[in-house]
Enquirer: 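Before we start, here is the structure in question, set down as structure tokens.
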Amino acid sequence: MPAALSKILPFAWPVSFLSLSKLGSPIRTKSFSIRFFSAIVKSKHFCEALVYRSHGHYEDVIKLETFTLPPLGEEDIRIKMLAAPVNPADINMLEGTYAILPELPAIGGNEGVGKVLDVGSKVNNFTPGDWVIPVDSEFGTWRTEAVCHAASILKISKDIPLLSAATIGVNPCTAYRMLHDFEHLKPGDTVIQNGANSAVGQAVIQIAAAMGVKTINVVRDRPNLKELVEKLNCLGAHCIVTESMLLKRELVSIVKDLPKPRLALNCVGGQSAGYLLDYLQYGSTMVTYGGMAKKPVPVPAKAMIFKNIKIHGFWMSQWKRDNKHDISKQEAMLSELCELVKKGRLSAPACTEIPFYDYKIALDATMKPYQCSKQVLCML
Ligand SMILES: NC(=O)c1ccc[n+]([C@@H]2O[C@H](COP(=O)([O-])OP(=O)(O)OC[C@H]3O[C@@H](n4cnc5c(N)ncnc54)[C@H](OP(=O)(O)O)[C@@H]3O)[C@@H](O)[C@H]2O)c1
């Protein structure tokens with residue numbers, strides 16, 4: 001048995017999968033009906049999953065495969081996945097360029113919401129019908145069903161829209177932490193961010209607005225700018241500018257009546273990040289959490305010497321790991337975010353719902369520029 005198999009996935013792989021994989025032909029594809037198998041082995045549960053066995057371009061490495069699920073252990077939970085987004089980090093994991101890489105073969109997807117179908121005899125904090133999300137990354141959410149240890153999932157409110165539940169565990173949490181953990185922001189303060197139309201950026205706008213904090217939002221120049229500006233304004237953005245306006249310093253006159261930002265959030269890198277620094281007030285902080293432009297973050301010496309700017313990075317996965325001993329912190333953050341959702345102050349990013357079996361469409365669209373829509377695989 002490849003040692004990797006039992007480790008990477010939140011459940012031990014079943015014997016039937018292993019024997020089939022040795023033959024080089026795992027049960028596979030939607031054309032191979034689950035019903036056919038159910039007729040043979042009635043008591044077993046099956047799962048279809050988007051699996052990668054090597055790293056490379058997503059089109060080359062990701063395949064739909066079918067497995068039997070392991071039996072339910074006494075501390076386990078069986079889940080039906082309902083919806084799971086495709087995030088940039090998921091693609092980086094397939095490519096083998098992300099900071100953490102599951103051992104191969106692995107199932108794609110780190111985020112999503114599932115419904116509890118069955119619980120083991122010693123599980124008393126979950127009941128069938130509960131909605132759950134993974135505690136940590138590397139869950140492998142692009143699948144129809146899973147059996148996992150109860151400690152690897154968290155209950156999430158069922159009173160929020162499905163798309164909010166499917167996309168709450170990574171991007172809104174990242175936005176929440178960056179707005180709370182680096183500067184003590186007060187109502188009336190200002191935050192500047194690039195990639196403002198990203199899912200994280202949209203959550204930043206909404207959470208900041210709920211805190212009474214104004215946001216200056218930088219987006220890339222694009223043909224449908226007016227539409228995007230209207231959308232971000234509706235979320236509560238105070239001001240929206242393009243990267244070329246930043247470059248021409250047109251922002252200076254636009255934001256002259258606002259207090260200088262105390263916090264800059266950068267998910268782009270390159271010049272876009274460098275320009276954010278120009279607008280910050282003395283002693284403020286720039287947090288880098290993404291590198292979409294795949295360019296280094298240029299920090300001029302003058303920003304560090306004369307403005308005493310603090311430069312930080314943030315990674316949600318690390319925060320989750322650092323706080324694993326006290327899961328109540330993650331629960332408290334999720335409950336606060338769910339309350340914002342219920343109050344209509346935090347909506348899911350614009351989403352395109354794609355049937356699970358059309359996963360290629362979702363992966364393709366995620367890699368295209370100017371999409372302004374999160375691709376979400378729907379297993380319903
Ligand atoms: N550190 C963490 O813990 C953490 C957590 C969550 C996300 N992230 C990172 O945050 C970033 C955004 O994630 P997301 O899920 O919110 O993304 P998303 O919703 O998929 O949006 C992608 C964003 O990146 C922009 N973009 C793409 N290519 C670009 C380029 N070459 N130059 C400039 N901008 C570019 C897009 O702008 P256009 O609309 O102009 O294409 C869009 O704003 C990613 O880098 C992701 O890995 C980090």
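Counting starts at 1 for both ligands and their atoms, in listed order. As the structure is a computational prediction, the values presented were derived from the model and not from experiment.
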Enquirer: Given Tyr370, Tyr289, Trp319, identify the one with the heavy atom nearest to atom 8 (N) of ligand 1.
Expert: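 Answer by nearest heavy atom: Tyr289.
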Enquirer: Among Gln375, Met316, Lys374, Arg220, which residue places a heavy atom closest to atom 30 (C) of ligand 1?
Expert: Arg220
Enquirer: Are Asp130 and Lys158 close enough for a salt bridge, meaning some N to O gap below 4.0 Å?
Expert: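 Salt bridge between Asp130 and Lys158, a charged N being under 4.0 Å from a carboxylate O: no.
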Enquirer: Which atoms of ligand 1 have any heavy atom of Pro369 under 4.0 Å away?
Expert: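 That gives atoms 41 (O) of ligand 1.
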Enquirer: Should Lys226 and Glu230 count as an ion pair when the cut-off is N to O under 4.0 Å?
Expert: yes
Enquirer: What is the ring orientation for His312 with Phe182, classed by angle as parallel under 30°, tilted 30 to 60°, or perpendicular over 60°?
Expert: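 Ring orientation of His312 relative to Phe182: tilted.
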Enquirer: Taking distance alone, with N or O pairs closer than 3.5 Å, would you say Arg222 contacts ligand 1?
Expert: yes
Enquirer: Which atoms of ligand 1 sit under 4.0 Å from any heavy atom of Asn87?
Expert: 15 (O)
Enquirer: Taking all non-hydrogen atoms of both residues, which atom of Leu101 and which atom of Thr97 are closest, and how far apart?
Expert: CD2-N, 4.4 Å
Enquirer: Less than 4.0 Å is my threshold; does some heavy atom of Pro88 fall inside it relative to ligand 1?
Expert: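 Right, Pro88 reaches ligand 1.
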Enquirer: In terms of side-chain geometry, is the basic nitrogen of Glu95 or Lys294 positioned less than 4.0 Å from the acidic oxygen of its partner?
Expert: no
Enquirer: Please determine if Lys186 and Asp189 form a salt bridge, counting it only when a charged side-chain N lies under 4.0 Å from a carboxylate O.
Expert: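 So Lys186 pairs with Asp189 through a salt bridge.
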Enquirer: Give a yes or no on whether atom 36 (C) of ligand 1 lies under 4.0 Å from any heavy atom of the protein.
Expert: no
Enquirer: Please walk me through it: do Asn197 and Tyr370 pass side chain to side chain donor-acceptor pair (under 3.5 Å)?
Expert: CA-CA 9 Å; Asn197 63 318; Tyr370 317 128; over 6 Å; no
Enquirer: Just heavy atoms, cut-off under 4.0 Å: does Val268 contact ligand 1 by side chain, backbone, both, or neither?
Expert: side chain
Enquirer: Is any NZ, NE, NH1 or NH2 atom of the basic residue among Glu331 and Lys155 found under 4.0 Å from an Asp or Glu carboxylate oxygen of the other?
Expert: no
Enquirer: Is it the case that one hydrophobic cluster holds both Leu263 and Met286, taking links as side-chain heavy atoms less than 4.5 Å apart, direct or via other members?
Expert: no
Enquirer: Would you say ligand 1 has an N or O under 3.5 Å from any N or O of Gly290?
Expert: no
Enquirer: Is a salt bridge present between Glu145 and Lys80, judged by a nitrogen-to-oxygen distance below 4.0 Å?
Expert: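 Not counted as a salt bridge, because no side-chain N and carboxylate O are separated by less than 4.0 Å.
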Enquirer: Please confirm whether Lys294 comes under 4.0 Å of ligand 1, counting heavy atoms of the residue only.
Expert: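 In this structure, Lys294 fails to qualify as a contact of ligand 1 - no heavy atom is under 4.0 Å.
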Enquirer: Could you tell me the residue and atom name of the protein heavy atom closest to atom 19 (O) of ligand 1, and the distance to it rounded to 0.1 Å?
Expert: Ala199 N, 2.9 Å
Enquirer: Looking only at protein heavy atoms, which one is nearest to atom 12 (C) of ligand 1, and what is the separation?
Expert: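 Of every protein heavy atom, Ser198 CB, 4.0 Å lies nearest to atom 12 (C) of ligand 1.
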Enquirer: Quick one: does ligand 1 sit under 4.0 Å from the side chain of Asn92, the backbone, both or neither, non-hydrogen atoms only?
Expert: neither
Enquirer: Which of the listed options, Met367, Lys295, Met292, holds the heavy atom that is closest to atom 45 (O) of ligand 1?
Expert: Met292
Enquirer: What protein heavy atom sits nearest atom 6 (C) of ligand 1, and how far away is it?
Expert: Asn171 OD1, 3.1 Å
Enquirer: For a quick check under 3.5 Å, do Glu111 and Thr167 share a side-chain donor-acceptor pair by atom type?
Expert: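 Glu111 vs Thr167: no donor-acceptor pair found between side chains.
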Enquirer: Counting non-hydrogen protein atoms only, what is the nearest one to atom 39 (O) of ligand 1? Give residue, atom name and distance.
Expert: Asn197 ND2, 2.7 Å
Enquirer: Note the single closest protein heavy atom to atom 5 (C) of ligand 1, along with its residue, its atom name and the distance in Å.
Expert: Thr174 OG1, 3.2 Å
